[in-house]
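Some notes on the structure that comes next.
Side-chain atoms are counted along with the backbone in the values below, which use heavy atoms only and exclude waters and symmetry mates. Lettering follows sequence order; numbering is per chain, from 1.
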2 protein chains.
Amino acid sequence: MVEEAKLLGTWGNPLNGRIEIALKLKGIQYKYIEEDLSNKSALLLKYNPVHKKIPVFVHNGKSVAESLVILEYIDETWKDHPILPKHPYDRAMARFWAKFVDKKILQTLIKTRGAKDEELPKIIEEAGEQMKILENQLKGKEFFGGETIGYLDIVAFSVAYWSQVLIQVFGVEFLPEEKFPIVYKWIGRLLDIDVIKSWVPPREKHLAHIKGHIEDARAASK
Amino acid sequence: MVEEAKLLGTWGNPLNGRIEIALKLKGIQYKYIEEDLSNKSALLLKYNPVHKKIPVFVHNGKSVAESLVILEYIDETWKDHPILPKHPYDRAMARFWAKFVDKKILQTLIKTRGAKDEELPKIIEEAGEQMKILENQLKGKEFFGGETIGYLDIVAFSVAYWSQVLIQVFGVEFLPEEKFPIVYKWIGRLLDIDVIKSWVPPREKHLAHIKGHIEDARAASK
């Protein structure tokens, strides 16, 4: 049987970015399918009828949704270049902090989208406090995964990505070197990895894309 | 080295119930430590400084928090009587639906705590719609795990538990047999398993306990 892997995502979205990075690290061929969330495709409704959200990974006709669940599926299906650590305790820590990124840091950062200018500093401060907690986990390491990138690096990459967005769109430096020296160096290392470098969207196109999103969110919150 | 396993929880809480059930299924000896969340212990703050919540599992001095993360840790550490399915796709489905239970169904049910009487029917209806989606996953099976209980049964047990609470406290039948025939039978089967039967708190004591919680929540939402 010829293996068939498909990924439904939206352009520049760091959640499907997670899956693409994992697939590329493992050298798995896949077909990327761009979704239009304002006009959801029959494919998306078929493969993720519960949440109707991206990313959705389809492997030999069977679908998996939710980025953290997909990452584990990929790691268990293609065992070369493991992304989760080996030892159960290290695996538990990677999962715990991945949830912290999704449930805390990203939930805080996403509030910037519909926020008024005067609300931004408080949101940035809150996300910064959460980021400080995460930074502690990086102490003495090149990557969360140790000497190479792993599951938590791939997950926390979304935060690095948001920090770029905040600079580009609002001119706000979320993770300045003087306050987050360890995370700052980590982002530099991440962006230097070919698989990640090739995923990051071109700056100008990305800026226009994000600005559109922000305007929509602000209009919706009025 | 003598293995030492400790669990920090609160009485009658279905989230630490998940961990106790998994440990008992695997025959692992552990020490249960009751926490008072209105006066958090130094132990809790030491072992879960990030969220300061229960359950926390401490194994040979190292702690793991978040019930779903703990369940995976236990399953990877003690491999006998596996609770997660074997095949990567089945594992992904178990994880996907466990998240659905936690992020959707339990989040809806928890709203009953601070709700006014007139708000209850709408909350119960919403949770019922979500429960219908989950019920589909049980079709043709004894348990979510197949012929025996597994990870998703342990996780979804919280919903069965809530349905008992809703009957006892509000007299509301959340999962009546005529509307949820498959789930209804599943709850019956669950409550017939020794490990679960021995965990379920005695009815009268539990009722008084829950009523205290509800009064606190209602007072706080006024």
Side-chain angles (χ1 to χ4, degrees), chain A residues 3 5 19 47-53 55-79 82 84-105 107 129-137 151-152, chain B residues 3 5 19 47-53 55-79 82 84-105 107 129-137 151-152:
Chain A
E3 289 226 271
I19 314 307
Y47 283 129
N48 188 5
V50 177
H51 301 300
K52 306 174 184 71
K53 285 180 181 170
V56 181
F57 184 63
V58 188
H59 182 212
N60 293 334
K62 286 169 125 179
S63 62
V64 184
E66 301 245 14
S67 68
L68 301 186
V69 178
I70 301 171
L71 286 178
E72 297 236 18
Y73 174 76
I74 288 173
D75 209 34
E76 291 179 351
T77 302
W78 291 277
K79 296 191 191 292
L84 271 149
K86 202 176 167 199
H87 189 276
Y89 189 75
D90 298 331
R91 294 167 73 85
M93 289 302 101
R95 289 179 182 125
F96 175 85
W97 290 108
K99 273 174 184 264
F100 182 79
V101 167
D102 278 10
K103 283 163 67 176
K104 298 286 175 182
I105 304 177
Q107 288 307 309
E129 284 165 10
Q130 294 166 336
M131 203 56 204
K132 265 287 157 206
I133 299 173
L134 187 66
E135 189 176 51
N136 280 330
Q137 309 309 312
Y151 176 79
L152 184 53
Chain B
E3 290 226 271
I19 314 306
Y47 284 129
N48 189 5
V50 176
H51 301 301
K52 305 173 184 72
K53 285 182 182 169
V56 181
F57 184 63
V58 187
H59 182 213
N60 294 334
K62 285 170 125 178
S63 62
V64 184
E66 300 246 13
S67 69
L68 300 187
V69 178
I70 301 171
L71 286 177
E72 297 236 17
Y73 175 76
I74 289 174
D75 209 34
E76 290 179 351
T77 303
W78 292 278
K79 295 189 191 294
L84 271 149
K86 202 174 167 201
H87 189 276
Y89 188 77
D90 298 330
R91 294 167 72 85
M93 288 303 100
R95 291 182 181 123
F96 175 85
W97 289 108
K99 274 173 183 265
F100 183 78
V101 168
D102 279 10
K103 283 162 68 175
K104 298 286 176 182
I105 304 177
Q107 289 306 310
E129 284 166 10
Q130 293 165 336
M131 202 57 203
K132 264 288 157 204
I133 299 173
L134 187 66
E135 190 177 48
N136 279 330
Q137 309 308 312
Y151 175 80
L152 183 54

Chain B contacts, top residue of I70(A), V50(A), V64(A) (heavy-atom pairs, under 4.5 Å):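 Ranked by contacts with chain B, first place is V50(A).
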
Heavy-atom pair count under 4.5 Å with chain B, highest-scoring of F100(A), Y89(A), F96(A):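 Greatest number of close heavy-atom pairs with chain B: Y89(A).
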
Minimum-distance pair of heavy atoms, taken over all atoms of P88(B) and Y73(A):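 Where P88(B) meets Y73(A) most closely, the heavy atoms are O-CD1, 3.5 Å.
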
Note, K104(B) side chain near H51(A) side chain (heavy atom, < 4.5 Å):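 Touching, per the 4.5 Å side-chain cut-off.
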
Interchain contact, L68(A) with chain B, by part (heavy-atom threshold 4.5 Å):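 It is the side chain, since no backbone atom gets that close.
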
Contact class of W97(A) relative to chain B, heavy atoms under 4.5 angstrom: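 Looking at W97(A), just its side chain touches chain B.
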
Euclidean distance, K99(B) NZ relative to K99(A) NZ, rounded to 0.5 Å: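 That separation rounds to 5.0 Å.
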
Distance (rounded to the nearest 0.5 Å) between H87(B) NE2 and T77(A) OG1: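 Here the interatomic distance stands at 7.0 Å.
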
Stepwise side chain to side chain contact (heavy atoms under 4.5 Å, CB included) test for R91(A) and E72(B): CA-CA 9 Å; R91(A) 294 167 73 85; E72(B) 297 236 17; over 6 Å; no

